[in-house]
Every structure is written in C-alpha cells, then in structure tokens.
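Chain naming here is simple, since letters A, B, ... match the order of the sequence lines and numbering starts at 1 in each. In this text the structure is predicted, and so the values were computed from the model without any measurement.
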Amino acid sequence: GDSVTQMEGPVTLSEEAFLTINCTYTATGYPSLFWYVQYPGEGLQLLLKATKADDKGSNKGFEATYRKETTSFHLEKGSVQVSDSAVYFCALGKAGGGNKLTFGTGTQLKVEL
Amino acid sequence: GAVVSQHPSRVICKSGTSVKIECRSLDFQATTMFWYRQFPKQSLMLMATSNEGSKATYEQGVEKDKFLINHASLTLSTLTVTSAHPEDSSFYICSAQVGGNTGELFFGEGSRLTVL
C-alpha cells in the first residue's frame, strides 16, 4: 500500500541556517504530495502541495519539488527563523482518492537563536 | 483560514468507560470530516471518513462498534470510544473538508486520550 517515510527528528538548527527535511513515498499511480505544519497547541495546517511530477510547491519561504524519479518531496528553506519551530508532516493523496491522505511520522524542527 | 476545534484537548478515563470527542467546524460547513489516531512517533492513521447525515466509512482494521462516529450536523462530528481500554490511549485528530472532494482540509488541534 501507499506509504510516506520522512526523516526522524528532532532537527535542531540555528536561526538563518538552511533546512532540509527529507520525504520519500511509495504509491501507485500519480499521487498529490503535501507538507503540513503543526505549531505548538494548534492543528495541522497545509504548508504547500504539488499535484504532478516536477511541480514545485512553495509558501512562506519553504519549497518542495515533486520528484517522480526519486519518489521524493523534500522540504527546504534557505534561512529558518525561530518562528518556524514546529512539527512538519509529509503526506500523499492518492489520485482520485479525494482527501484520504497517507501521512509520514512527522519531523520536529527546533530553531534556536 | 477556516477553524476546526476539538474538545476535550485532554481526557483521562478509567478502563471500561466511554469517552466522546467532539470536532467542530467553527466558521464553515463541512459535509465530510476525517478522524485519525496517532501513536507516539508514528504517522497519523486514518480511522474513518465521517459524512453528514450518513454512516461513517471505516478504514480496514478499525472496529466500528468500538469507535462510534456521528456526524449529525454540518458543523459537528463526534467520535465515541466505547468501553475504552489502555491500548486505546492515543492522540485523536479530526479534519474537516471545505468544499468538494479535493477541497482543502483543516485540522483540529487534537485530543489526547489516556485510559487508566
């Protein structure tokens, strides 16, 4: 079945450092890919998404490119801020599957001054 | 963005009792809501899809008599864990869908259930 694997955390970075959180997936067909972010005490929020190969999703300085050849959707940000500290979830949605998402385990990011 | 609220955020109960968790869409109507559970250091696992006015659709391996879902209005879905046992202790999360089948999902903040 479908699955999502993302790097274990926590990831601890200094402010202004470069961020990469790896995400790879296993799925049949052509799924949509998502990154969700969960700030402390809040629900998951959609950060960005890509619906087809080579699409790049971007939002708030974060980017991820849908790479079908490597089945990856790595999240990157050039310069993190303390306010980016949160848990990040990679997810896939099966083509035609509506909103039934398969999630990764989440990666906690801590950004320090 | 739209707001989804869960209540309670934390609940502790004795083994054998039933616990109800509410999921409300505060500023929009949601014909479809989803319920997930998350064990420590594991993924969110979809438990069931809740449709307003009809029976929920459960994922394989989820006991429908154990996890009762009611979606009686366009802004409220409830999950009742019946005869709870310690192995039911988990983090339960709901999401609500705006618009049609591919509409954006908005998530509640989650409810942590601890069964003693």
Side-chain angles (χ1 to χ4, degrees), chain A residues 1-11 21-27 29-52 55 57 59-60 73 86-108, chain B residues 1-10 21-28 30-51 56-62 77 91-112:
Chain A
D2 297 346
S3 66
V4 175
T5 302
Q6 58 182 108
M7 60 192 290
E8 281 192 36
V11 173
I21 300 178
N22 290 336
C23 172
T24 57
Y25 68 91
T26 302
Y30 301 94
S32 295
L33 300 172
F34 305 83
W35 276 101
Y36 282 84
V37 58
Q38 185 176 30
Y39 298 104
E42 299 183 18
L44 277 74
Q45 302 172 27
L46 179 63
L47 180 60
L48 52 84
K49 68 179 182 181
T51 57
K52 61 182 188 295
D55 266 4
N59 186 23
K60 300 181 181 179
F73 193 55
V87 181
Y88 293 82
F89 292 88
C90 185
L92 72 82
K94 204 163 192 170
N99 266 318
K100 292 178 68 171
L101 301 180
T102 299
F103 286 87
T105 53
T107 302
Q108 184 174 13
Chain B
V3 178
V4 174
S5 177
Q6 282 183 242
H7 178 80
S9 57
R10 292 178 182 269
I21 301 170
E22 295 184 345
C23 177
R24 292 182 185 273
S25 56
L26 297 186
D27 48 3
F28 67 100
T31 54
T32 302
M33 294 183 175
F34 300 89
W35 285 97
Y36 312 80
R37 67 186 298 184
Q38 185 182 27
F39 293 106
K41 298 189 178 182
Q42 295 188 28
S43 305
L44 277 74
M45 300 298 295
L46 179 65
M47 298 174 66
T49 303
S50 170
N51 298 297
T57 303
Y58 289 81
E59 296 299 302
Q60 193 172 10
V62 177
S77 175
F91 197 55
Y92 292 89
I93 300 170
C94 74
S95 68
Q97 180 175 283
V98 174
N101 228 13
T102 54
E104 188 169 346
L105 289 180
F106 293 90
F107 286 77
E109 61 273 35
S111 300
R112 183 164 300 284

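Interface remark: B:Gln38 contributes side-chain atoms only to the contact with chain A (heavy atom separation under 4.5 Å). Neither the backbone nor the side chain of A:Phe34 has a heavy atom closer than 4.5 Å to any heavy atom of chain B. Residue B:Leu44 touches chain A through both its backbone and its side chain, counting heavy-atom pairs closer than 4.5 Å. In this structure, no portion of A:Gln45 lies under 4.5 Å from any heavy atom of chain B. Interface residue B:Tyr36: only side-chain heavy atoms are found under 4.5 Å from chain A. Neither the backbone nor the side chain of A:Gln6 comes within less than 4.5 Å of any heavy atom in chain B.
Taking every heavy atom of both residues into account, A:Gln38 and B:Glu109 meet most closely at NE2-O, 4.3 Å. Taking all atoms of both residues into account, the shortest heavy-atom contact from B:Ser43 to A:Gly104 is OG-C, 3.4 Å.
With contacts defined as side-chain heavy-atom distances shorter than 4.5 Å, the pair A:Tyr36/B:Leu105 qualifies.
A 6.0 Å sphere centred on CE of A:Met7 holds more than 12 heavy atoms belonging to other residues, nucleotides or ligands. Counting heavy atoms of neighbouring residues, nucleotides and ligands inside a 6.0 Å radius, atom OH of A:Tyr39 exceeds 12 of them. Annotation: A:Glu8, atom CD; neighbour count of heavy atoms from other residues, nucleotides and ligands within 6.0 Å does not exceed 12.
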